[in-house]
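Read through the structure below, which is laid out as structure tokens, and then see the notes.
By convention in this document, chain letters (A, B, ...) are assigned in the order of the sequence lines, proteins followed by strands, and residues within each chain are numbered from 1.
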Number of protein chains: 2
Amino acid sequence: MAERTPVKGPRRPRATASMADVARLAGVSSQTVSRVSNGYAGVNEETREQVLAAMKELGYRPNSAARALKRGEFRTIGVITFSLSSTGNVRTLEAIATSAAAEGYAVTLLPVAVPTQDEVRGAFSRLEELAVDAVIVIMEVHLLDAATIMLPPYVQVLVVDSDAGEHYTVVDTDQAGGSRTAVEHLLGLGHHTVWHLGGPEDSFAAQRRTDAWRAALAEAGRTPPPLIRGDWSAESGYRAGLELAAQQDCTAVFAANDQMALGLLRALHERGRRVPEDVSVIGFDDIPEAGSFLPPLTTVHQDFAEVGRLCVQAVLRKVRQDDPERGTTLVPTRLVIRESTAPPSSPGR
Amino acid sequence: MAERTPVKGPRRPRATASMADVARLAGVSSQTVSRVSNGYAGVNEETREQVLAAMKELGYRPNSAARALKRGEFRTIGVITFSLSSTGNVRTLEAIATSAAAEGYAVTLLPVAVPTQDEVRGAFSRLEELAVDAVIVIMEVHLLDAATIMLPPYVQVLVVDSDAGEHYTVVDTDQAGGSRTAVEHLLGLGHHTVWHLGGPEDSFAAQRRTDAWRAALAEAGRTPPPLIRGDWSAESGYRAGLELAAQQDCTAVFAANDQMALGLLRALHERGRRVPEDVSVIGFDDIPEAGSFLPPLTTVHQDFAEVGRLCVQAVLRKVRQDDPERGTTLVPTRLVIRESTAPPSSPGR
DNA sequence: ACCCATGATGTTTACGTAAACATCAGCCAC
DNA sequence: GTGGCTGATGTTTACGTAAACATCATGGGT
């Protein structure tokens with residue numbers, strides 16, 4: 001009778017060849033296999049070929065767990081994000097993954113469903129057991145401090161979208177510069193002042209865009225109109241737009257992101273205020289769809305790819321050289337002028 | 001003189017306590033620490049507390065590499081995506097990550113920059129060395145076959161957006177059902193026929209939406225107008241829209257995604273064709289912004305969260321039970337009726 | 001002819017964990 | 001009281017890799 005395999009036995013054996021198997025087949029020691037596998041010099045060409053042949057025949061793949069254990073590093077970066085709802089986060093994540101791959105690092109995703117203290121703490125505590133050498137946090141960090149305490153000390157942390165430059169290394173888009181550009185563009189067209197449709201209070205990015213808007217107006221000697229707040233969504237932009245449409249003296253609006261600008265455009269259209277003839281609208285992000293809005297949206301272009309690239313560079317510098325550097329790196333923006341901005345029909349001042 | 005630390009020594013020692021350290025401090029064997037760490041019963045309450053105290057004092061964290069090596073599994077799922085450009089892929093990915101986390105699995109991201117055979121092959125070969133138990137592929141799979149051959153045999157593969165049901169397990173949105181619903185909605189409003197703005201040729205999702213559109217028209221005894229193709233982008237929708245605006249007999253368009261619908265709306269607006277009075281437009285996906293288009297877009301809602309959840313469930317079933325099942329699971333869609341569709345002003349037929 | 005540097009390869013060991021097996025005290029049944 | 005059973009804990013071992021060290025030819029220099 002044939003030997004039967006256990007029905008509910010523990011785990012079926014990995015059908016994977018190990019170095020020892022390869023070594024046996026090739027008639028060499030497992031150390032020589034290791035040398036070939038890692039591309040060390042000092043292996044006879046003939047021997048190397050034999051080993052390679054044996055690897056191929058057995059379908060040998062190095063076991064990354066054993067490697068990580070031996071090397072003491074995982075070649076993996078963990079990324080914590082508060083959902084992937086915003087285009088910006090996603091594009092940054094994508095750039096991080098791509099850059100990391102180019103450096104031979106993998107990226108492990110740690111989604112935090114709800115941005116509560118508990119949830120963030122939970123993500124970090126899952127992280128503790130996780131196979132990562134470093135962590136990049138893409139989210140507002142005011143919930144972060146309590147959580148990071150729980151991180152193993154060797155894990156490097158890097159943050160996007162934060163004012164935590166003193167405590168962490170931060171890479172981010174130059175929110176202030178971008179906002180200033182937006183405001184100055186509108187003022188330069190002759191608008192008397194610029195209204196602002198801001199993002200949610202708990203976002204540092206939103207906060208900085210709002211601050212810069214105020215500062216740019218103040219510098220030009222204009223009085224900032226009352227701040228209107230949305231939550232990044234197009235829907236909230238629509239609601240805000242209904243308010244703004246009622247303001248007859250409003251000729252220029254700077255929306256803190258493109259989605260809200262989209263909702264804004266819809267509200268203005270519904271209320272019969274033409275863009276850009278009656279009201280100029282400018283956005284932030286330059287999402288791919290922005291050029292297809294009605295009308296095509298003038299907006300501040302963010303270089304997410306660059307942000308992601310810098311994140312990986314910085315965090316790997318930390319991992320590899322134990323670089324203790326703190327501080328903030330800003331990535332410049334670029335104004336993309338389309339058709340939603342124009343001089344006011346009755347110039348201000 | 002103080003002993004100096006090596007300057008360019010190999011890697012600085014992990015400042016992490018091991019089980020042995022904890023065991024020493026607690027005055028027990030490391031096996032007992034292991035038992036406590038893994039929550040086994042059969043440890044004296046008093047002993048357990050001592051061990052826990054020692055763990056806390058030393059800041060002990062289990063080493064996941066050693067664990068993975070011992071257990072023979074990584075508790076990690078790899079996800080291969082062809083960029084994160086499309087909303088659908090991103091939302092699916094997010095749901096996968098969330099579901100996986102709930103099951104105690106991590107998700108490792110494997111972006112493929114360009115969908116060439118070489119790139120895909122490259123991603124898979126990186127994957128070979130990677131610490132994953134299973135792989136979920138979110139991309140068109142006609143490039144897949146050659147690549148999967150290189151996968152270690154124990155890695156389970158699951159595919160989204162594919163017609164590869166015979167070879168792989170597939171989870172996907174019911175593209176055909178959704179498209180049929182869209183077409184029937186428009187026909188039901190009284191439109192004589194429905195034009196279609198399809199996605200790129202190399203996308204199976206696009207292909208299926210197009211096929212279902214044709215089938216639904218055929219079933220209703222209508223002749224399908226010539227197919228117009230875009231590439232998913234709003235810009236391509238705009239270009240297609242300019243063409244369609246010239247077709248005076250076109251009163252209803254089914255766009256294969258919301259972004260193209262957005263561009264379409266802009267083109268129709270520019271050419272003075274009112275939506276929905278002159279032309280009804282329906283999209284696919286129900287992206288968050290769809291309700292803020294001009295006019296708000298009627299569209300086919302996809303349940304990405306459910307797709308992601310099912311992916312994780314299915315792939316874990318394979319991992320845990322070696323479930324060899326093949327075949328396709330379809331997730332139903334839901335029609336969201338907004339303002340971009342209405343009966344034709346001069347009813348057809 | 002001899003020494004030693006050099007290159008090629010083999011042997012030992014350790015990484016941290018957890019399964020398998022071993023030990024040992026206490027206790028109940030007869 | 002003795003045998004065996006149970007529960008609590010310790011000891012051994014193996015997972016696959018790669019650094020450190022050991023071995024052993026070969027060959028050039030003197």
Side-chain angles (χ1 to χ4, degrees), chain A residues 6 9-24 26-51 54-55 58-75 128-131 133 152 154, chain B residues 6 8-24 26-51 54-55 58-75 128-131 152 154:
Chain A
R11 186 149 299 278
R12 65 190 179 283
R14 250 320 131 71
T16 303
S18 72
M19 278 193 167
D21 300 322
V22 176
R24 208 170 303 123
V28 298
S29 76
S30 65
Q31 184 55 37
T32 299
V33 178
S34 171
R35 284 191 264 257
V36 172
S37 174
N38 290 357
Y40 279 97
V43 177
N44 191 317
E45 189 52 37
E46 201 177 323
T47 315
R48 147 177 270 105
E49 308 242 312
Q50 270 175 8
V51 171
M55 281 182 171
L58 295 176
Y60 169 76
R61 302 293 161 208
N63 178 311
S64 49
R67 261 196 182 167
L69 175 58
K70 192 79 186 81
R71 299 207 268 225
E73 56 170 8
F74 301 98
R75 303 268 167 94
E128 285 170 359
E129 310 209 343
L130 221 57
D133 302 308
Y154 58 82
Chain B
K8 46 180 300 183
R11 187 149 298 277
R12 62 189 180 285
R14 248 323 129 70
T16 302
S18 73
M19 279 194 166
D21 301 321
V22 176
R24 209 170 301 124
V28 298
S29 76
S30 65
Q31 184 53 38
T32 299
V33 177
S34 171
R35 284 191 265 256
V36 172
S37 175
N38 291 0
Y40 279 97
V43 177
N44 192 318
E45 189 54 36
E46 201 176 325
T47 316
R48 146 177 271 104
E49 308 243 310
Q50 270 174 9
V51 171
M55 280 180 175
L58 295 177
Y60 169 77
R61 303 291 162 209
N63 178 313
S64 48
R67 260 196 183 169
L69 175 58
K70 191 77 183 89
R71 298 208 268 225
E73 57 169 7
F74 300 98
R75 303 268 166 94
E128 286 169 357
E129 310 210 341
L130 221 57
Y154 58 83

(message) Any non-hydrogen side-chain atom of Phe74(A) less than 4.5 Å from a side-chain atom of Ser64(A)?
(response)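 No, their side chains stay 4.5 Å or more apart.
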
(message) Quick check: do Val51(A) and Arg35(A) have side-chain heavy atoms less than 4.5 Å from each other?
(response)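 No, side chains not in contact.
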
(message) Can you see whether Arg61(B) engages Ser37(B) through a side-chain donor-acceptor pair at a distance of less than 3.5 angstrom?
(response)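 Per modelled atom types, Arg61(B) and Ser37(B) side chains form no pair under 3.5 Å.
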
Output the rounded distance in Å from [atom1] ([X]) to [atom2] ([N]).
X        : N       : atom1 : atom2 : answer
Arg61(B) : dT17(C) : CZ    : P     : 12 Å
Arg24(A) : dG16(D) : CZ    : C1'   : 13 Å
Met19(B) : dA19(C) : CE    : P     : 10 Å
Asn38(A) : dA20(D) : CG    : P     : 14 Å
Leu69(B) : dA18(D) : CG    : C1'   : 13 Å
Glu73(B) : dC15(D) : CD    : P     : 17 Å

(request) Find the bend of the helix from dA1(C)-dT30(D) to dC30(C)-dG1(D) as the angle between its two terminal axes (five pairs each), to the nearest 10°. (result)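 Axis angle across the helix from dA1(C)-dT30(D) to dC30(C)-dG1(D), nearest 10°: 50°.
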
Looking at every non-hydrogen atom in both residues, tell me the closest pair between [X] and [Y] and how far apart they are.
X        : Y         : value
Ala26(B) : Gln50(B)  : O-OE1, 3.6 Å
Ser29(A) : Ala23(A)  : C-CB, 3.6 Å
Arg75(A) : Asp133(A) : N-OD2, 2.6 Å

Side-chain N or O of [X] less than 4.0 angstrom from OP1 or OP2 on [N]?
X        : N       : result
Tyr40(B) : dA19(C) : yes
Arg71(A) : dT17(D) : no
Asn63(A) : dC15(D) : no
Tyr60(B) : dT17(C) : yes

(message) Taking the minimum atom-to-atom distance to the side chain of Ala66(A), which one of dG16(D), dT17(C), dA19(D) wins?
(response)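 For the Ala66(A) side chain, the nearest candidate turns out to be dG16(D).
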
(message) Categorize Ser18(A) for me: base, sugar-phosphate, or nothing, with a 4.0 angstrom heavy-atom threshold over every strand shown.
(response)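 Ser18(A): backbone/sugar contact only, no base atoms under 4.0 Å.
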
(message) So, taking the atom named CG in Asn63(B) and the one named NZ in Lys70(B), what distance separates them when rounded to the nearest 0.5 Å?
(response)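 Asn63(B) CG to Lys70(B) NZ: 14.0 Å, rounded to 0.5 Å.
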
(message) I need the Met19(A) CE to Thr32(A) OG1 distance, nearest 0.5 Å.
(response)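 Going from the CE atom of Met19(A) to the OG1 atom of Thr32(A) covers 10.0 Å.
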
(request) Look at Glu46(B) together with Arg48(B) and state whether they make a salt bridge at an N to O cut-off of under 4.0 Å. (result)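 No salt bridge links Glu46(B) with Arg48(B).
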
(message) Using a 4.0 Å heavy-atom cut-off to protein, can you give one letter per nucleotide of nucleotides 8-14 of chain D, 5' to 3': B if the base is in contact, S if only the sugar-phosphate is, - if neither?
(response) SBBB--B

